Amino acid sequence: MSKRAIRLARAGVVAVCIAAIGHAGMSVSAEPSSSDLQRKTSNLQNELNDLNGQLNNLISQMDAMTQEAEQLAGVMAETQNRLDAAQIAGEEQYEAMKLRIKYIYEAGDSSFIELLCSAESMTDFLNKTDFVKSVNEYDRNMLNELLETQEQIEAEGKNLEAQHQELTAKQEELSNKRTEVENMIASTSGQLSNYSAQLERARQAELLASKQAAEQQAASGQQTGSTGNRPVPPPVYDPGDSTGKQSLGSFRITHYCNCFLCCGSWAGGPTASGTMPTPGRTIAVDPSVIPLGTRVIINGQIYTAEDTGSAIKGNKIDVFVANHALTTQYGVYYADVYPAD
């Protein structure tokens with residue numbers, strides 16, 4: 001497909017799209033500028049830094065809670081050991097007390113009477129009476145003390161279990177929050193990567209636009225002279241130069257360059273005849289009207305037919321120029337075309 005045809009087709013598609021959008025009442029927003037993208041990128045980076053800080057804080061809290069849970073587990077194990085020991089001691093004391101009660105029951109009161117009668121004096125008698133009373137009180141006090149110890153240890157165990165459940169709930173809450181923050185980090189990182197890529201493309205586009213603007217300004221400066229800022233029109237052909245030559249007819253003259261806007265994916269490539277397009281030499285023609293390789297004269301300038309295009313039919317000629325600024329500067333006009341040879 002001709003580079004000129006591609007350019008015209010692209011313009012037609014754009015026109016149709018714009019008409020459809022206008023008909024549907026849709027609004028079209030311009031691409032964000034690099035400054036807008038830079039601001040969004042900076043905001044996302046700050047948000048990402050804040051999320052990473054939250055994540056690090058959560059990890060620190062979870063590590064501290066893990067250590068606290070380990071310490072609590074150790075205390076719970078120690079408390080359980082104390083409870084087991086108290087239960088064993090209580091059982092032993094209870095068994096000893098049962099043996100003494102059994103002995104008293106089986107021996108009857110005679111054993112106590114014999115014990116009291118064996119006293120050598122009143123003092124000895126009172127001492128032995130106090131001894132029997134003391135044994136009974138000791139058993140009762142020891143049993144009560146062991147029961148109190150067991151109850152105290154059981155209360156400590158319940159308190160530690162409650163602390164353990166509370167700590168487990170906090171760990172689960174922190175774990176859920178960590179998952180939430182990690183998901184937010186992943187989402188923000190994706191957005192940041194997307195905006196960073198857009199920012200890079202915007203910078204490249206602005207750099208290209210700046211370069212093209214500089215080229216247009218330079219081309220405009222070259223084409224202006226005593227006329228100031230007014231572009232110099234293409235040179236007018238002197239009919240006297242074509243003496244003895246028969247005109248090929250009046251042709252519609254347009255202009256194109258080797259940029260993406262004019263040539264699309266073929267930008268920078270060769271012509272239909274395999275040559276590289278050259279300003280002041282290359283033109284695109286309809287081969288059925290002007291065969292490729294034919295040299296012609298347009299407005300006093302000799303060109304060579306080297307390119308073609310589906311949009312270049314009949315008496316149409318697309319003249320290759322140095323840059324895109326010149327394609328609009330020279331515009332469209334009609335001129336008689338003469339054979340150069």
Side-chain angles (χ1 to χ4, degrees), residues 42-109 111-112 115 126-194:
S42 298
N43 292 338
L44 284 172
Q45 185 63 58
N46 293 335
E47 182 178 348
L48 184 60
N49 293 338
D50 180 65
L51 289 172
N52 283 323
Q54 293 182 36
L55 180 60
N56 292 332
N57 185 40
L58 287 173
I59 292 175
S60 298
Q61 292 184 46
M62 293 182 69
D63 290 341
M65 284 195 174
T66 299
Q67 295 179 1
E68 184 178 351
E70 292 175 353
Q71 295 175 358
L72 185 60
V75 174
M76 291 178 67
E78 181 182 353
T79 303
Q80 185 62 46
N81 292 335
R82 289 169 54 205
L83 180 60
D84 294 341
Q87 288 176 346
I88 293 174
E91 291 173 358
E92 291 178 351
Q93 183 67 25
Y94 181 65
E95 290 297 328
M97 185 176 178
K98 285 197 303 182
L99 288 175
R100 282 190 286 274
I101 293 173
K102 182 180 179 182
Y103 172 77
I104 294 172
Y105 177 78
E106 291 177 349
D109 295 336
S111 60
F112 284 98
L115 176 65
L126 293 175
N127 288 337
K128 288 180 179 182
T129 302
D130 291 338
F131 170 74
V132 173
K133 183 180 179 182
S134 297
V135 169
N136 291 332
E137 291 180 354
Y138 172 79
D139 285 338
R140 184 171 54 255
N141 291 337
M142 283 298 298
L143 188 58
N144 290 335
E145 183 178 347
L146 289 172
L147 290 175
E148 290 177 359
T149 300
Q150 289 181 6
E151 292 175 356
Q152 180 181 358
I153 294 175
E154 287 177 354
E156 290 180 5
K158 291 180 180 179
N159 183 39
L160 291 173
E161 181 62 28
Q163 293 182 32
H164 181 265
Q165 292 178 357
E166 181 181 358
L167 187 60
T168 302
K170 288 182 179 179
Q171 285 180 314
E172 184 176 357
E173 180 183 355
L174 288 176
S175 179
N176 293 336
K177 191 170 183 180
R178 175 178 178 176
T179 300
E180 179 183 351
V181 172
E182 287 176 342
N183 291 337
M184 293 175 63
I185 288 176
S187 175
T188 305
S189 296
Q191 294 180 43
L192 180 60
S193 298
N194 182 35

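Heavy atoms only: backbone and side chains are in, while hydrogens, waters and symmetry mates are out. Bear in mind that the values here come from a model prediction, so they are computed numbers and not experimental data.
Within the model, atoms CD of Glu154 and CD of Gln80 stand 9.5 Å from one another, a figure rounded to the nearest 0.5 Å. For the atom pair Asn141 CG and Glu148 CD, the distance stands at 9.5 Å (nearest 0.5 Å).
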Side-chain donor-acceptor pairs of residues 170-180 under 3.5 Å, sequence neighbours excluded:
from	atom 1	to	atom 2	distance (Å)
Asn176	ND2	Glu172	O	3.3
Arg178	NE	Glu182	OE2	3.1
Thr179	OG1	Ser175	O	3.1

Let me check something: any side-chain donor-acceptor pairs from residues 184-191 under 3.5 Å, sequence neighbours excluded? List them with distances.
from	atom 1	to	atom 2	distance (Å)
Ser187	OG	Gln191	NE2	3.4
Thr188	OG1	Met184	O	2.8
Ser189	OG	Ile185	O	2.7

Can you give each donor-acceptor pair under 3.5 Å made by side-chain atoms of residues 45-74, sequence neighbours left out, with the distance rounded to 0.1 Å?
from	atom 1	to	atom 2	distance (Å)
Gln45	NE2	Asn49	OD1	3.1
Asn46	ND2	Ser42	O	3.3
Asn49	ND2	Gln45	O	3.2
Asp50	OD2	Gln54	NE2	2.8
Asn52	ND2	Leu48	O	3.2
Asn56	ND2	Asn52	O	3.2
Ser60	OG	Asn56	O	3.0
Thr66	OG1	Met62	O	2.8

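Sorted by first and then second residue, the salt bridge (charged side-chain N to carboxylate O under 4.0 Å, His left out) pairs with a member in residues 79-88 read Arg82-Glu156; sequence neighbours excluded.
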